[in-house]
Every structure is written in structure tokens, then in C-alpha cells.
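All residue numbers in this chain count up from 1 along the given sequence.
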Amino acid sequence: PVVVITGANTGLGFESAKEIAKAGGRRVVLAVRSVERGETAKTRILAAVPGASVDVMAIDLADFASVRAFADAFKAKYDRLDVLMNNSGVMALPQRETTVDGYEKQMQTNHFGHFLLVSLLLDVMVKTESADKRIVNLSSIAHNFGTFDFHNWNSEGFPFGYAGLGWLPYGRTKMANMMFTYELDRRLKKAGITDVCTNAVHPGVVDTELNRSLGAFDFYPQLKKAGQLITSEQGARGQIAAAIAPEFAGVSGKYIAEQSPNGKPGVHIEQRSNDFSYDTEAWARLWKDSVQVTKAEWTI
């Protein structure tokens with residue numbers, strides 16, 4: 001079995017790769033922007049899990065050409081895909097940045113890039129001989145303040161286009177992760193593809209490098225001091241379970257959320273996401289817009 005994890009060189013992606021390698025019996029592909037950092041992560045995983053099967057491949061989710069190149073390289077090297085964990089992301093850039101493709105960086109990295117990646121790899125996954133194949137999308141509790149603005153998904157304009165020091169656009173990307181998960185699940189079922197499951201995960205408020213973009217507005221040290229952050233090991237539990245745990249075999253179209261707000265840090269359970277995330281017309285419109293932006297070709 002082959003497991004692909006984007007952003008696997010650090011934080012939740014690294015912990016997921018290490019634990020899935022430790023579980024044994026799988027080849028873990030670290031899909032990373034920096035091959036050098038990916039090789040360092042591979043060395044660390046092999047030190048913790050001698051004999052693990054680990055590969056490093058380059059991908060930049062903020063560059064559609066890079067996503068397509070990764071898919072081509074992956075298909076040339078592998079003939080199966082059992083788990084795709086869309087983990088990579090950026091959070092709350094204080095100032096609006098655009099990608100080489102001209103789109104707002106958070107939206108392209110967190111949603112559009114992964115949307116394109118799934119479209120390019122789904123055929124490999126469907127053809128894989130296994131009754132248990134899974135796509136895991138990393139969302140966030142931040143989807144709660146990400147009600148989608150279809151007139152401005154690129155977060156343009158002043159004063160409300162790129163609002164809240166990047167937090168509202170970040171929430172918008174996390175809402176996109178939720179709606180993509182639900183619409184992908186609907187389309188898979190409609191196409192009669194019952195052996196590919198997809199779920200969205202909120203890992204928790206985690207002590208990782210995700211806050212590296214906050215700059216002078218980084219409040220994570222204060223959260224850590226107050227004991228409000230969970231560890232990467234705790235945060236990764238939900239996405240690891242969604243990827244390989246027996247209890248999630250056959251489970252699809254669900255939101256799996258960490259339970260610190262309920263006094264259970266590091267515990268992840270299925271729960272209901274934001275009401276807007278269940279708007280089926282919004283799912284369809286986001287899908288249509290995402291196809292237009294990425295030029296993705298889908299068979300479902």
C-alpha cells in the first residue's frame with residue numbers, strides 16, 4: 001500500500017508519516033516543497049523506524065505546474081495509491097500574497113492545489129486493488145468563520161477582501177476544504193465508487209510551525225504558555241486514524257474534530273461542521289469555480 005502525505009517534512013504531516021511508517025506494511029511518500037527538508041525528514045523517520053519504506057518527492061501546492069509534475073512523476077513510479085493525505089497548508093498571512101499562477105496564496109495552497117492533485121491521482125486510486133482507499137483533507141475549526149464569498153474567493157479589494165490580518169481568508173480556505181470533502185464524497189457515491197472514502201479533519205490548535213507566517217502578530221507563544229496548545233503527536237491522531245485506522249474503514253463524508261474545547265485534548269471524534277458547510281448548492285458552485293481556476297479534469 002502507498003500513502004502520499006503533502007507537507008510531510010514538518011508538524012502534523014511529519015508526525016503522520018512517522019506513525020504510519022511505524023504501523024508497518026506501507027510505503028510512505030513525503031510530498032514536499034523542499035526535497036532537502038524532505039530528505040531530512042526521511043532520515044528522522046528512518047532513525048525512529050529502521051527499515052521503514054519512505055520516499056521523497058517534490059510538490060509545491062502554490063504552483064499548478066508543480067502539482068501536475070508531481071502527479072506525472074508519481075504515476076511513472078507507482079501503479080497504486082491507497083491513501084492521499086492533503087495535509088500541507090499556510091495560515092493567516094498578515095499581508096495578501098499571490099502565487100505564480102496569480103491567485104491568493106492561502107486559497108491556492110490550502111484548496112485549489114489539493115483539488116487539482118486529487119483530480120490527477122484519483123484514477124490511480126480507483127484502479128488500485130483494495131477495498132479500503134482513503135482521501136484525508138486537513139480542514140480546521142477556522143472553517144466556522146469562513147462562510148464562502150463566491151464573488152471574491154481570491155480575497156481581493158479593500159477593506160474587506162483580505163480582512164482580519166489574513167484570518168478570514170484562512171477560514172475561507174478551511175471552509176473550502178469542508179465543502180470539497182462533502183462534494184467529493186457525493187460524487188464518488190453517485191459514480192458507484194464505494195471503495196474510496198474521503199473525510200475532513202480538524203487536528204486541534206497545535207504547537208507546530210504553521211504559525212510561522214504570523215510574524216509580529218504571532219500569539220501562539222502566549223497560547224502555549226497558557227497551556228492552550230496540544231502537541232503535534234496529539235494533533236496528528238485524527239488524521240492518522242482517518243488514514244489507516246480500522247474504525248474509519250468505509251466511513252466517508254464526515255468531519256472529524258479534536259475535542260480540546262470539550263476538555264479532551266488529543267481526542268478526535270466525528271461531529272457536525274458549520275451549517276453553511278452543508279449547503280449543497282455551495283458545494284457545486286465551489287467545484288465549478290475550482291475546475292475553472294485549476295483546469296482540473298474529473299471523471300466523476
Side-chain angles (χ1 to χ4, degrees), residues 1-32 37-57 59 74 77-89 114 117-118 121-122 124-139 181 195-204 206-209 230-252 254-259 264-270:
V2 177
V3 178
V4 172
I5 303 174
T6 65
N9 62 287
T10 188
L12 297 171
F14 173 79
E15 292 299 331
S16 297
K18 183 179 69 175
E19 292 305 312
I20 290 173
K22 189 180 295 184
R26 300 172 179 86
R27 184 160 184 82
V28 182
V29 179
L30 314 183
V32 296
R37 290 196 291 270
E39 291 292 347
T40 299
K42 176 180 176 179
T43 299
R44 292 173 59 200
I45 292 172
L46 292 176
V49 191
S53 183
V54 184
D55 193 6
V56 178
M57 298 181 68
I59 187 172
F74 179 84
K77 195 169 187 178
Y78 296 100
D79 60 1
R80 68 179 297 140
L81 176 59
D82 299 79
V83 175
L84 174 58
M85 183 183 290
N86 294 315
N87 166 84
S88 184
H114 284 121
L117 180 63
V118 175
L121 296 183
L122 185 60
V124 180
M125 182 170 272
V126 169
K127 293 174 184 177
T128 297
E129 293 186 3
S130 171
D132 184 14
K133 295 165 289 189
R134 312 185 195 186
I135 299 169
V136 182
N137 296 318
L138 266 289
S139 184
T181 300
D195 57 359
V196 177
C197 295
T198 182
N199 294 293
V201 178
H202 162 53
V206 188
D207 186 11
T208 69
E209 295 180 11
I230 61 174
T231 66
S232 294
E233 292 86 351
Q234 290 174 311
R237 290 173 184 167
Q239 63 205 67
I240 294 167
I244 65 170
E247 60 264 32
F248 285 104
V251 175
S252 191
K254 303 298 182 182
Y255 173 51
I256 302 165
E258 196 269 341
Q259 296 297 301
K264 299 178 181 178
V267 175
H268 297 75
I269 63 170
E270 292 179 35

Enquirer: Establish, for the pair R134 and F248, whether the NZ or CZ atom is under 6.0 angstrom from the six-membered ring centre and no further than 45 degrees off its axis.
Expert: no

Enquirer: First locate atom OG1 of T128, then atom OH of Y78, and finally report the distance between them rounded to the nearest 0.5 Å.
Expert: 13.0 Å

Enquirer: Report yes or no: does N87 contribute a side-chain atom to a donor-acceptor pair with the main-chain N or O of T6 at less than 3.5 Å?
Expert: yes

Enquirer: Could you state the interatomic distance from NE2 (H114) to CG (N137), rounded to the nearest 0.5 Å?
Expert: 8.0 Å

Enquirer: Using side chain to side chain contact (heavy atoms under 4.5 Å, CB included) as the criterion, list what pairs up with A257, not counting sequence neighbours.
Expert: H202, Y255, Q259, Q271

Enquirer: What's the verdict on side chain to side chain contact (heavy atoms under 4.5 Å, CB included) for I269 and K264, showing C-alpha distance, side-chain angles and the deciding distance?
Expert: CA-CA 10 Å; I269 63 170; K264 299 178 181 178; over 6 Å; no

Enquirer: Between R237 and G235, is there a donor-acceptor pair closer than 3.5 Å when you use the side chain of the first and the backbone of the second?
Expert: no

Enquirer: Between A200 and S139, what is the shortest heavy-atom contact and its length?
Expert: CB-CB, 4.4 Å

Enquirer: Got a donor-acceptor contact below 3.5 angstrom from the K133 side chain to the V126 backbone?
Expert: yes

Enquirer: Within a reach of under 6.0 Å around NZ of K254, are more than 12 heavy atoms found that belong to other residues, nucleotides or ligands?
Expert: no

Enquirer: Stepwise, does the side chain to side chain contact (heavy atoms under 4.5 Å, CB included) test hold for I230 with E258?
Expert: CA-CA 10 Å; I230 61 174; E258 196 269 341; 3.8 Å; yes

Enquirer: Using side chain to side chain contact (heavy atoms under 4.5 Å, CB included) as the criterion, list what pairs up with A21, not counting sequence neighbours.
Expert: V28, I45, A52

Enquirer: Sort out for me which residue in L138, V136, T181, L117 forms a side chain to side chain contact (heavy atoms under 4.5 Å, CB included) with N86.
Expert: L117

Enquirer: Any donor-acceptor pair under 3.5 Å linking the side chain of N199 with the backbone of V251?
Expert: yes

Enquirer: Measuring from atom CD1 of I20 to atom CD1 of I240, what distance do you get when rounded to the nearest 0.5 angstrom?
Expert: 6.0 Å

Enquirer: Measure the CD1-CG distance between I135 and L122 for me, rounded to the nearest 0.5 Å.
Expert: 5.5 Å

Enquirer: Give a yes or no on whether the backbone of D132 and the side-chain of D195 come within a donor-acceptor separation of less than 3.5 Å.
Expert: no

Enquirer: Side chains of S53 and R27 only: does a donor on one sit below 3.5 Å from an acceptor on the other?
Expert: yes

Enquirer: Would you find more than 12 non-hydrogen atoms of other residues, nucleotides or ligands less than 6.0 Å from E247 atom CD?
Expert: yes

Enquirer: Any heavy-atom pair between the side chains of D55 and K77 that's under 4.5 Å?
Expert: yes

Enquirer: List the atom of H268, the atom of V201, and the distance in Å for their closest heavy-atom pair.
Expert: CD2-CG1, 4.5 Å

Enquirer: Is it true that the side chains of Q239 and S16 contain a donor and an acceptor less than 3.5 Å apart?
Expert: yes

Enquirer: What's the spacing between F14 CZ and E19 CD if we round to 0.5 Å?
Expert: 9.5 Å

